[in-house]
Amino acid sequence: MSRRSPLATTLSQHRLRDDKVAERIVTSTGLSPPAFVYEFGAGDGILTAAVVERAGRVVAIERDRRLWQKLRERFEGEPRVRAVLGDFRDIQLPRRGAYEVVANLPFAHTSEAMRLLLGARTRPRSTHLVLSRDAAMRWGGFGEETLVSVLAKPWFQFQVTLALRRRDFVPPPRTDCVLLTARQRTEPLIAASEARGWEEFVRRGLSRGRGSVRRNLSGMLGYEQFKRAARAHGIERDARPGVVSFEQWLGLWRAANRKGRR
């Protein structure tokens with residue numbers, strides 16, 4: 001049984017207007033053969049067609065049976081496309097090998113898609129999602145870092161690769177949209193064995209109300225240790241979490257590790 005009603009699934013859904021918009025999106029991803037792409041929410045295949053021409057193989061996932069049937073018919077006889085009936089949240093992503101993700105999902109599913117990809121056992125080499133501009137700013141940490149951006153950045157680099165117009169969609173959304181790209185770093189900035197400690201550290205630093213970073217991290221970094229680390233990385237003594245950059249968070253984390261308490 002579906003976890004959500006068809007009505008809930010279609011909320012905030014904005015289809016691409018035409019093939020030209022799909023081509024602009026895929027061109028902005030930088031994908032090229034022999035890329036192996038998972039497309040979430042493929043619909044009737046307008047974005048799928050552009051992806052397969054530039055990338056190679058596509059697993060096109062669509063949960064609406066009517067749209068899935070159209071997807072199958074559109075790519076019947078095309079061996080590079082596999083149309084899958086299902087919810088992207090239930091799909092088994094590859095456990096080994098490189099793959100990419102492209103999606104134009106309902107905005108209501110943004111957080112679910114991002115958390116799935118960032119927490120995957122084998123993370124995608126690159127992810128390209130059509131998002132509202134506000135969501136892209138939050139996930140990418142543009143303007144100021146957020147909890148989700150700082151947690152992800154040891155493994156991913158974020159970039160807005162395309163600004164989209166409201167008339168690029170049917171129906172036009174009420175907000176500006178962009179293509180957010182997250183590329184996996186060649187070398188992670190934090191070892192896999194330290195991932196849990198990093199998450200605890202960042203949540204402590206960013207999730208304790210409006211207190212200063214120094215106070216939030218008390219118990220993980222003593223006053224003198226924090227003062228030395230803050231001076232080394234250009235952090236104000238009573239800096240609030242929102243004004244501390246990812247690089248500065250990383251510097252504080254490394255100082256905490258040197259302290260020997262991690």
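In this text, all values refer to a predicted model and were calculated from it rather than measured experimentally.
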- Rounded to the nearest 0.5 angstrom, the CG-CZ distance for Leu117 and Arg123 is 10.5 Å
- Task: Mark yes or no for whether Lys153, through its side chain, and Val148, through its backbone, hold a donor-acceptor pair below 3.5 Å.
- Result: no
- Establish whether Leu67 and Val84 are linked, either directly or via other cluster members, by ILVMFWY side-chain heavy-atom contacts under 4.5 Å. no
- Taking only Lys NZ, Arg NE, NH1 and NH2, and the carboxylate oxygens of Asp or Glu, determine whether Arg89 and Asp87 approach each other closer than 4.0 Å. yes
- Message: Quick one: does any side-chain atom of Asn104 pair with a main-chain N or O of His14 as donor and acceptor, under 3.5 Å?
- Response: yes
- Message: Assess whether a salt bridge exists between Arg24 and Asp168, defined as any Lys/Arg side-chain N lying under 4.0 Å from an Asp/Glu carboxylate O.
- Response: yes
- Is the backbone N or O of Gly43 less than 3.5 Å from a side-chain atom of Glu62, with the two atoms forming a donor-acceptor pair by type? yes
- Smallest separation among heavy atoms of Arg240 and Ser212, with atom names: NH1-N, 3.5 Å
- Joint cluster assignment, Leu16 & Leu131, ILVMFWY side-chain distance < 4.5 Å: no
- Message: Would you say CZ of Arg133 has more than 12 non-hydrogen atoms from neighbouring residues, nucleotides or ligands within 6.0 angstrom?
- Response: no
- Item | Considering all heavy atoms, the nearest Ala113-Leu105 contact | CB-CD1, 3.7 Å
- Query: Do Thr181 and Thr161 get their side chains close enough for a donor-acceptor pair, meaning under 3.5 Å?
  - Reply: yes
- Message: Checking Arg17 now: which residues fulfil side chain to side chain donor-acceptor pair (under 3.5 Å) with it, not counting sequence neighbours?
- Response: none
- Message: Donor-acceptor pair, distance only, cut-off 3.5 Å: does the side chain of Glu145 make one with the backbone of Gly242?
- Response: no
- Query: Does the Glu78 side chain pair with the main chain of Arg80, one donor and one acceptor, at a distance under 3.5 Å?
  - Reply: yes
- Query: Counting N and O atoms only, with roles assigned by atom type, does the side chain of Arg166 sit under 3.5 Å from a partner on the main chain of Arg174, one being a donor and the other an acceptor?
  - Reply: yes
- How far does CG of Leu180 sit from CG of Leu162, to the nearest 0.5 angstrom? 11.5 Å
- Item | Derivation of the side chain to side chain contact (heavy atoms under 4.5 Å, CB included) call for Phe107 and Thr175 | CA-CA 11 Å; Phe107 294 159; Thr175 182; 4.2 Å; yes
- Which other residues belong to the hydrophobic cluster containing Trp68, where Ile, Leu, Val, Met, Phe, Trp and Tyr are joined when side-chain heavy atoms lie under 4.5 Å apart, directly or via other members? Leu85
- Message: Over 60° means perpendicular and under 30° means parallel, so tell me whether Phe201 and Trp198 are parallel, tilted or perpendicular.
- Response: parallel
- So if you build clusters from Ile, Leu, Val, Met, Phe, Trp, Tyr with side-chain heavy-atom gaps below 4.5 Å, do Phe142 and Phe156 land together? yes
- Out of curiosity, Arg115 CZ to Thr110 OG1, how far, rounded to the nearest 0.5 Å? 10.5 Å
- Is the shortest distance from a Lys or Arg side-chain nitrogen in Glu199 or Arg203 to a carboxylate oxygen in the other one below 4.0 Å? yes
- Item | Output field: ring centroids Phe40/His109 closer than 6.0 Å | no
- Nearest heavy-atom contact between Phe75 and Ala49 is CZ-N, 3.7 Å
- Message: For a quick test of reading the model, state the closest non-hydrogen atom pair linking Ala60 to Ala42 and the distance between them.
- Response: CB-CB, 3.7 Å
- Query: How close do Val37 and Ala55 get, heavy atom to heavy atom, and via which atoms?
  - Reply: CG2-CB, 3.8 Å
- Taking atom types as modelled and ignoring hydrogens, do the side chains of Thr27 and Arg54 form a donor-acceptor contact shorter than 3.5 angstrom? yes
- Task: For the pair Thr122 and Leu93, evaluate side chain to side chain contact (heavy atoms under 4.5 Å, CB included) and give the outcome as yes or no after the intermediate values.
- Result: CA-CA 8 Å; Thr122 300; Leu93 294 170; over 6 Å; no
- Query: Does the pair Lys227/Glu224 count as a salt bridge with the N-to-O cut at 4.0 Å?
  - Reply: yes
- Message: Within the supplied structure, the quantity of interest is the number of heavy atoms (other residues, nucleotides, ligands) at a distance under 6.0 Å from Glu236 CD; does it exceed 12?
- Response: no
- Query: Side chain of Gln248, backbone of Ser245: donor and acceptor closer than 3.5 Å?
  - Reply: yes
- Message: Run the side chain to side chain contact (heavy atoms under 4.5 Å, CB included) test on Arg138 and Ser111 for me, step by step, so that the C-alpha distance in whole Å, both residues' side-chain angles and the decisive distance to 0.1 Å come before the verdict.
- Response: CA-CA 11 Å; Arg138 182 169 68 88; Ser111 293; 3.5 Å; yes
- Task: Using only heavy-atom distances, determine whether the side chains of Thr48 and Glu39 contain a donor-acceptor pair under 3.5 Å.
- Result: yes
- Please answer whether the main-chain N or O of Ala230 pairs with a side-chain N or O of Arg214 as donor and acceptor at a distance below 3.5 Å. no
- Message: I'd like to know if the side chain of Asp19 reaches the main chain of Ala22, judged simply by a donor and an acceptor atom lying under 3.5 Å from each other, with no hydrogens or angles considered.
- Response: no
- Message: Count I, L, V, M, F, W, Y as connected when their side-chain heavy atoms are under 4.5 Å apart, and connections chain through other members. Are Val58 and Phe36 then in the same cluster?
- Response: no
- Message: If you count every heavy atom of other residues, nucleotides or ligands that lies below 6.0 Å from Arg185 atom CZ, does the total exceed 12?
- Response: yes
